[in-house]
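Worksheet: one structure, shown below.
Counting begins at 1 with the first residue of the sequence.
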Amino acid sequence: MLYNVPGRTGVNLDAETTIRLSYISNIIATKDCANTDQLTRILTDAAPGFVVYSGDDSSALPALAVGCYGIVSVASHVIGKEMQSMIKYYLEGNIQQAAELHRKLHPVFTGIFRVPSPAPIKHALGLKGIQTGGVRLPLVHVSEQEGQFIQSLFE
C-alpha cells in the first residue's frame with residue numbers, strides 16, 4: 001500500500017506517479033490524503049483492481065463519493081462505530097444521514113490534528129481507558145490545555 005500523507009511526509013505523491021506505481025503487481029492500494037481532483041485522476045487511470053483509500057478523516061465522505069474504497073482512519077481509533085455508521089449510511093444510499101453524521105463528527109476530525117499526531121489520538125485513547133504509551137521525540141505529549149480541548153471533543 002502506498003502512503004500519500006503530505007502533512008506527515010512533506011511531499012505529495014502525485015497522481016501520475018501513483019498511477020504508474022499502480023501497475024506494479026505487488027502495489028495494490030494507496031492511502032491518500034490528496035484532494036478530490038487528485039483522487040479522481042487516480043481512480044480514473046490506475047490499474048484495474050487498484051484500491052484507493054482516503055487517508056483524511058475530514059475527506060472520507062467526499063472521497064467515497066468520487067469512488068474511493070474506504071478510509072485508513074485516525075479518528076476511528078476513538079470513534080470507530082460512528083465512522084463505520086457514516087460509511088454504512090453512504091453505501092446504503094442514505095446520503096443525508098451520512099452527511100449529517102459527517103458534520104457531527106467533523107469537530108473530532110479536525111480537532112485531533114490541532115497538535116502533531118499521534119499525541120492527540122493517544123491522549124483521546126487514554127481518556128477512554130486505553131493506554132498506548134508515550135510518543136517518541138521530537139514529538140511530545142499534549143499540554144494540559146490541549147488535553148482539555150481534546151476531552152471537550154468527546155463530551
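Proximity of I27 to Y23: side-chain heavy atoms (C-beta onward) are nowhere separated by under 4.5 Å. Contact annotation: the side chain of P118 approaches that of L139 to within less than 4.5 Å [non-hydrogen atoms, C-beta and beyond]. The shortest side-chain heavy-atom distance between C33 and S54 does not fall under the 4.5 Å cut-off. Side-chain contact check for E146 versus S143: some heavy-atom pair is nearer than 4.5 Å. The closest side-chain heavy-atom distance from V72 to Y53 is below 4.5 Å.
Not a single side chain to side chain donor-acceptor pair (under 3.5 Å) links E82 to another residue, sequence neighbours left out. With sequence neighbours excluded, no residue forms a ring-ring contact (aromatic ring centres under 6.0 Å, His included) with F50.
The backbone N or O of P120 lies less than 3.5 Å from no partner atom in the side chain of R114, so there is not a single donor-acceptor pair. Side-chain atoms of K31 do not come within 3.5 Å of backbone N or O of G55 as any donor-acceptor pair. A donor-acceptor pair under 3.5 Å is formed between the side chain of T110 and the backbone N or O of H106. Without hydrogens or angle criteria, D57 side chain to S73 main chain gives no donor-acceptor distance under 3.5 Å. No donor-acceptor distance shorter than 3.5 angstrom exists from the side chain of N94 to the backbone of Q97, with no hydrogens or angles considered.
Atom CD of E92 sits in a crowded spot, with more than 12 heavy atoms from other residues, nucleotides or ligands closer than 6.0 Å. Within a 6.0 Å radius of CD1 in I28, other residues, nucleotides and ligands contribute 12 heavy atoms or fewer. Environment of CD in Q84: sparse, with no more than 12 heavy atoms of neighbouring residues, nucleotides or ligands closer than 6.0 Å.
Between K104 and E100 there is no salt bridge, since none of the side-chain N atoms of the basic residue sits less than 4.0 Å from a carboxylate O of the acidic one. A salt bridge links R41 to D45: at least one charged side-chain nitrogen sits closer than 4.0 Å to a carboxylate oxygen.
Hydrophobic clustering keeps L39 apart from M86 (ILVMFWY residues linked when any side-chain heavy atoms are closer than 4.5 Å, directly or through intermediates). Hydrophobic clustering (side-chain heavy atoms under 4.5 Å, transitive across Ile, Leu, Val, Met, Phe, Trp, Tyr) keeps Y3 apart from V74. The same ILVMFWY cluster, assembled from side-chain heavy atoms under 4.5 Å apart, contains both V52 and L2. No chain of hydrophobic side-chain contacts below 4.5 Å, direct or via other Ile, Leu, Val, Met, Phe, Trp or Tyr residues, connects V135 to I121. Under a hydrophobic clustering in which Ile, Leu, Val, Met, Phe, Trp and Tyr are joined whenever their side-chain heavy atoms come within less than 4.5 Å, directly or via other members, L125 and V108 fall into the same cluster.
Proximity of the aromatic rings of H102 and F109 is defined here by a centroid distance below 6.0 angstrom, and this criterion is met.
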Name each donor-acceptor pair under 3.5 Å that joins a side chain in residues 148-155 to protein atoms two or more places apart or in another chain, with its distance.
residue : atom : partner : partner atom : Å
S152    : OG   : F149    : O            : 2.5

L43 and C68: side chain to side chain contact (heavy atoms under 4.5 Å, CB included), yes or no, with the steps?
-> CA-CA 7 Å; L43 288 159; C68 286; 4.1 Å; yes
Begin with the C-alpha distance, continue with both residues' side-chain angles, and end with the deciding distance and a verdict on side chain to side chain contact (heavy atoms under 4.5 Å, CB included) for S85 and L101.
-> CA-CA 8 Å; S85 292; L101 189 50; 3.8 Å; yes
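In terms of heavy-atom proximity, A60 sits nearest to I71 at CB-CD1, 3.5 Å.
Checked by atom type, the side-chain pair D37/T40 shows no donor-acceptor distance below 3.5 Å.
Screening N12, T18, T9 against N4 for a side chain to side chain donor-acceptor pair (under 3.5 Å) leaves a single residue, N12.
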